[in-house]
Amino acid sequence: MSDVFKALAHPVRRDVLRALRDGPRSAGVLAGRFPVSKPTMSGHFNILREAGLIVAERHGTTIVYRLNASVADEAIGWLMALVGRTAPIRDEEE
């Protein structure tokens, strides 16, 4: 879960997730939305992918990203439990 929160800590990565709410987008389209270099965006995509928040699919020479809603839902559930709005938090290490 800590990798999910690390991924959510950066505003560019949160904006990438917002952009993917409406459906899959190519890496180029997503990168075009931000005033950062392509290698920097690639790093952001990797962090989001490693956290399981996005899924990458290669279509020829294009990489298309889509939101992995199940991981996002799990993180939201964990946060809601933390503030006492749902059932208690399960400790994954138990």
Side-chain angles (χ1 to χ4, degrees):
M1 187 62 64
S2 64
D3 53 344
V4 171
F5 292 113
K6 174 187 172 189
L8 295 172
H10 197 282
V12 168
R13 294 191 289 265
R14 291 191 304 266
D15 285 344
V16 167
L17 295 175
R18 282 186 199 101
L20 293 174
R21 284 188 303 199
D22 296 327
R25 301 276 187 272
S26 72
V29 167
L30 289 167
R33 298 172 51 116
F34 303 98
V36 298
S37 69
K38 288 184 180 184
T40 298
M41 282 306 298
S42 180
H44 288 308
F45 295 144
N46 284 335
I47 290 169
L48 288 166
R49 207 170 21 82
E50 288 170 5
L53 289 166
I54 63 173
V55 176
E57 298 172 358
R58 183 170 289 279
H59 297 271
T61 60
T62 303
I63 298 174
V64 175
Y65 292 103
R66 66 177 170 81
L67 184 63
N68 184 358
S70 63
V71 173
D73 287 345
E74 183 180 336
I76 291 167
W78 191 92
L79 283 172
M80 295 302 286
L82 183 66
V83 297
R85 307 269 171 130
T86 62
I89 301 169
R90 278 184 307 135
D91 189 352
E92 294 176 10
E93 296 177 10
E94 289 185 344

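Along the sequence shown, residues carry numbers from 1.
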- Message: Given 3.5 Å as the limit, does a donor-acceptor pair link the side chain of R14 with the main chain of A9, or not?
- Response: yes
- Any chance you could measure L17, atom CG, to Y65, atom OH, to the nearest 0.5 Å? 12.5 Å
- Minimum heavy-atom separation for V71 to G52, with atom names? CG2-O, 3.3 Å
- Lys/Arg-Asp/Glu bridge criterion (N-O < 4.0 Å) met for D3, K6: no
- Looking only at heavy atoms, which two atoms of T62 and S26 are closest? And how far apart? CG2-CB, 3.7 Å
- Item | Single-linkage hydrophobic cluster, 4.5 Å side-chain cutoff, V29 and V64 together | no
- Please walk me through it: do L53 and L8 pass side chain to side chain contact (heavy atoms under 4.5 Å, CB included)? CA-CA 9 Å; L53 289 166; L8 295 172; 4.0 Å; yes
- Can you get from L20 to F34 by hopping between Ile, Leu, Val, Met, Phe, Trp and Tyr side chains that sit under 4.5 Å apart? yes
- Query: Short question: side chain of N68, backbone of V55 - any donor-acceptor pair under 3.5 Å?
  - Reply: no
- Query: Should E74 and V4 count as side-chain neighbours, where that means a heavy-atom distance under 4.5 Å?
  - Reply: no
- Separation of H10 NE2 from H44 NE2 (nearest 0.5 Å): 4.0 Å
- Item | Closest non-hydrogen atom pair between R25 and L30, with its separation | CB-CG, 3.7 Å
- Which atoms form the tightest heavy-atom contact between I47 and R13, and what is the distance? CD1-NH1, 3.4 Å
- Is it the case that one hydrophobic cluster holds both L48 and I63, taking links as side-chain heavy atoms less than 4.5 Å apart, direct or via other members? yes
